[in-house]
Amino acid sequence: MARHTISSGRRGSAPVACAAVDLGATSGRVILGLWAGEAGGRLRLTEAHRFPNAYRELGPHAYWDIGQLWHEVRSGLVKAAALVPHGGRLASVGVDSWGCDHVLLDDSGRIVFPLHAYRDNRVQPALKALNKDRASSARLYAATGIPNLFYNTSLHLAETLDRYPAIRGLATRCLFLPDYFNFLLSGRLENELTISSTSQLLGVQPQAEWAPDALAHFGIPPEWFRTPILPGTPLGPARSIPELRGAQVIAVPGHDTACAYDAMPASEDGGDLYLSSGTWSLIGFENPTPLLGPAAQKARIANERAGGGHFRPLTNIDGLFLLEQLMVEYPEQRPKNAKDWAALVSAAEALRPASKRNTRAAAGGPALLKLNDGSFANPASMRAAIDSQLRKRKLPLPADLAGYARLIYDSIAHSHAEAMHLFERLTNKQFKRILMVGGGSKNRLLCQATADAAGIPVHSFSLEGTAVGNIARQLIALGAVKDLRSFRHHLSAQLTGSARYHPRSRDS
């Protein structure tokens, strides 16, 4: 079991024990956090359980195995409770996950429709039609602050209702994944704010009500949702799992990106850009108001909610999913452990940066992949999708896996920089550094390439960022920490295991 300690405070009274359930699209984990509030605050993390996750394809469609996910969550929580030091007990539990995916329930809480994965291609016809309807797209963006994206809950619910009208007579509630696991743990049927804000159905006004215009446009019954609750809301004691007796279920930021943002040891001057790097690269910043208007809509800026209820304008960039899917086609070379991954990164580092190769591409610009064009969303072959784009632009194909890895890392880094420049143009802000968490933060090539492309330092933090943010909100709800500002202060002053990457000259 992996352990990571934030700070080196002295031991004192029994620490507060919290369990973070953090569900990602390719893996899930349950992390035990032990917080000793003396000497400035000290958090020790122990990985209680980690498990792979993946959607399954049945015919032309993709589904999540919700029963297996619940089994892993339950097993992980039992293990976490067993790791609490003798004499202590688990004080609370919080759940976060990726965005948009949801379940439809009847009055008894029973699932009435299969759980499609957000990468299912079932919404592509409706998405194309919506994109052609400029007036409706503009109205929806003004109402929700969320652009038209293939994974939006709005489109997936609309497809379900259009294809199976009888669902209106069966379903009475719609819960997002962390809401559903909160229901299984506590018995409470609630919609949490941050995960609700990923749907393209929540109003962009500060009071966070569901947007009537959006619900009407997509034909979704308003009664399927309740007014979202704020992160930090107690949902009651855990039930049905004897090992969790006495633990409170707390609605943490349900969206894993919101948790990752909460874990950022941000400066007080607002000059930080936040980057959560994993299957997706989610890059943005915290703001008291949404970033709206035609330019923001064209740039596909999503005004999701932060754990404190304010906004975090961001853009989603095709991330390390490209490399994860590419590995399927290199079974013999696929890294099996940290040593193998380090060897692949070293081999990719030895190659000339893709941005400096064959810049006279037919489409103009550096010889990098154009991400977010839809071709990498869920292709039958990731290698074929990459090769197809390169051939259309008259660019050379990588010679081997290391070449593809270098191309992917450089392309993602370039997109990070483009997003930063976009935010600066639209806000007149000037960012001073990029704070990076997630799986990509452990990749020195990706971190350095991002610093080089953006021209500002990248501070990477090798910690379970989403789990830390999840636990932070639990500790605040329990009264063990005053507020997020205090938690971030402790984190910034005492965090170990970080690295700084300074931009190099373009000639180096």
Problem - Arg383 and Glu329: CA distance, side-chain angles, deciding distance, salt bridge (Lys or Arg N to Asp or Glu O under 4.0 Å) verdict - result: CA-CA 8 Å; Arg383 181 175 179 178; Glu329 302 179 61; 5.4 Å; no

Practice task
Measure the shortest side-chain to side-chain distance between Pro313 and Asn303 over non-hydrogen atoms and say whether it is less than 4.5 angstrom.
Solution key: yes

Practice task
Taking all non-hydrogen atoms of both residues into account, name the closest pair between Ala251 and Ile229 and its distance.
Solution key: CB-CD1, 3.7 Å

Exercise for the section: Verify side-chain hydrogen bond (donor to acceptor under 3.5 Å, both in side chains) between Gln333 and Asp400, making sure each step is shown before the conclusion. Expected result: CA-CA 10 Å; Gln333 301 176 53; Asp400 52 21; over 6 Å; no

Fill in the blank from the handout: Shortest non-hydrogen pair, Leu77 vs Ala19, comes out as CD2-CB, 3.8 Å

Practice task
Taking only Lys NZ, Arg NE, NH1 and NH2, and the carboxylate oxygens of Asp or Glu, determine whether Glu349 and Arg444 approach each other closer than 4.0 Å.
Solution key: yes

Handout entry: Chi angles and distances behind the side chain to side chain contact (heavy atoms under 4.5 Å, CB included) call for Gln474, Val252
Key = CA-CA 7 Å; Gln474 293 184 56; Val252 301; 3.6 Å; yes

Practice task
Under the side chain to side chain contact (heavy atoms under 4.5 Å, CB included) rule, what do Phe51 and Ser27 come out as? Steps first, then yes or no, please.
Solution key: CA-CA 6 Å; Phe51 54 92; Ser27 68; over 6 Å; no

Problem - Under 3.5 Å side-chain donor-acceptor pair for Arg139 and Ser136 - result: yes

Problem - Any Ser199 side-chain heavy atom under 4.5 Å of Asn152 side chain - result: no

Practice task
Verify the ring-centre separation between Phe321 and Phe376: is it less than 6.0 angstrom?
Solution key: no

Handout entry: Check: Leu390 and Pro398 side chains under 4.5 Å, non-hydrogen atoms
Key = yes

Practice task
May I ask you to check whether Gln200 and Thr144 show a side-chain donor-acceptor distance below 3.5 Å?
Solution key: no

Practice task
Any chance you could lay out the side-chain hydrogen bond (donor to acceptor under 3.5 Å, both in side chains) test for Arg173 and Asn191, step after step, and finish with the verdict?
Solution key: CA-CA 10 Å; Arg173 288 299 309 277; Asn191 294 112; 3.1 Å; yes

Practice task
Verify the distance criterion only: is there a donor paired with an acceptor across the side chains of Asp387 and Tyr404 at less than 3.5 Å?
Solution key: yes

Practice task
With the side chain counted from C-beta on, respond yes when Phe461 and Met436 share a heavy-atom pair under 4.5 Å apart, and no when they do not.
Solution key: no

Practice task
Answer with yes or no after comparing the ring centroid distance for Phe285 and Phe423 against a 6.0 Å cut-off, counting only values under it.
Solution key: yes

Exercise for the section: Indicate whether any N or O donor in one side chain lies under 3.5 Å from an N or O acceptor in the other, for Thr450 and His416. Expected result: yes

Exercise for the section: Taking the six-membered ring for Trp and the single ring otherwise, decide whether the centroids of Trp98 and Trp64 are under 6.0 Å apart. Expected result: yes

Problem - Distance, nearest 0.5 Å, that separates CD1 of Ile283 from OG1 of Thr315 - result: 8.5 Å

Completion exercise
In short, Asp96 meets Asp256 closest at the heavy-atom pair OD1-CB, 3.3 Å

Please list every donor-acceptor pair under 3.5 Å in which a side-chain atom of residues 337-345 meets a protein atom from a residue at least two apart or in another chain.
residue, atom, partner, partner atom, Å
Asn337, OD1, Lys339, N, 3.2
Asn337, OD1, Asp340, N, 2.8
Asp340, OD2, Lys336, N, 3.0

Exercise for the section: Check Leu369 against Ser411 and note the closest heavy-atom contact, atom names and distance. Expected result: N-OG, 2.9 Å

Practice task
Any chance you could lay out the side chain to side chain contact (heavy atoms under 4.5 Å, CB included) test for Ser277 and Val437, step after step, and finish with the verdict?
Solution key: CA-CA 6 Å; Ser277 172; Val437 297; over 6 Å; no

Handout entry: Side-chain heavy-atom pair Leu189, Arg226 within 4.5 angstrom cut-off
Key = yes

Problem - Any donor-acceptor N or O pair under 3.5 Å, side chains Tyr55, Asn378 - result: yes

Practice task
Establish, from distance only, whether the side-chain atoms of Asp107 and Thr172 form a donor-acceptor pair under 3.5 Å.
Solution key: yes

Handout entry: Lys/Arg-Asp/Glu bridge criterion (N-O < 4.0 Å) met for Asp262, Arg473
Key = yes

Exercise for the section: Decide if the gap between the ring center of His61 and the ring center of His116 is smaller than 6.0 angstrom. Expected result: yes

Exercise for the section: Begin with the C-alpha distance, continue with both residues' side-chain angles, and end with the deciding distance and a verdict on side chain to side chain contact (heavy atoms under 4.5 Å, CB included) for Val103 and Phe181. Expected result: CA-CA 10 Å; Val103 295; Phe181 287 115; over 6 Å; no

Handout entry: Charged N-O contact under 4.0 Å between Arg312 and Glu304
Key = yes

Practice task
Scan side-chain atoms only and decide if Glu286 and Tyr261 contain a donor-acceptor pair under the 3.5 Å cut-off.
Solution key: no

Exercise for the section: List the atom of Ala81, the atom of Leu244, and the distance in Å for their closest heavy-atom pair. Expected result: CB-CD2, 4.2 Å

Exercise for the section: Decide whether Asp373 and Gln389 meet the rule of one side-chain donor and one side-chain acceptor closer than 3.5 Å. Expected result: yes

Exercise for the section: For residues Ala48 and Gly76, report the shortest heavy-atom separation together with the two atoms involved. Expected result: CB-O, 4.0 Å

Handout entry: Between Thr466 and Arg29: side-chain donor-acceptor atoms closer than 3.5 Å
Key = no

Practice task
Without swapping roles, check the side chain of Asn470 against the backbone of Gly94 for a donor-acceptor pair under 3.5 Å.
Solution key: yes

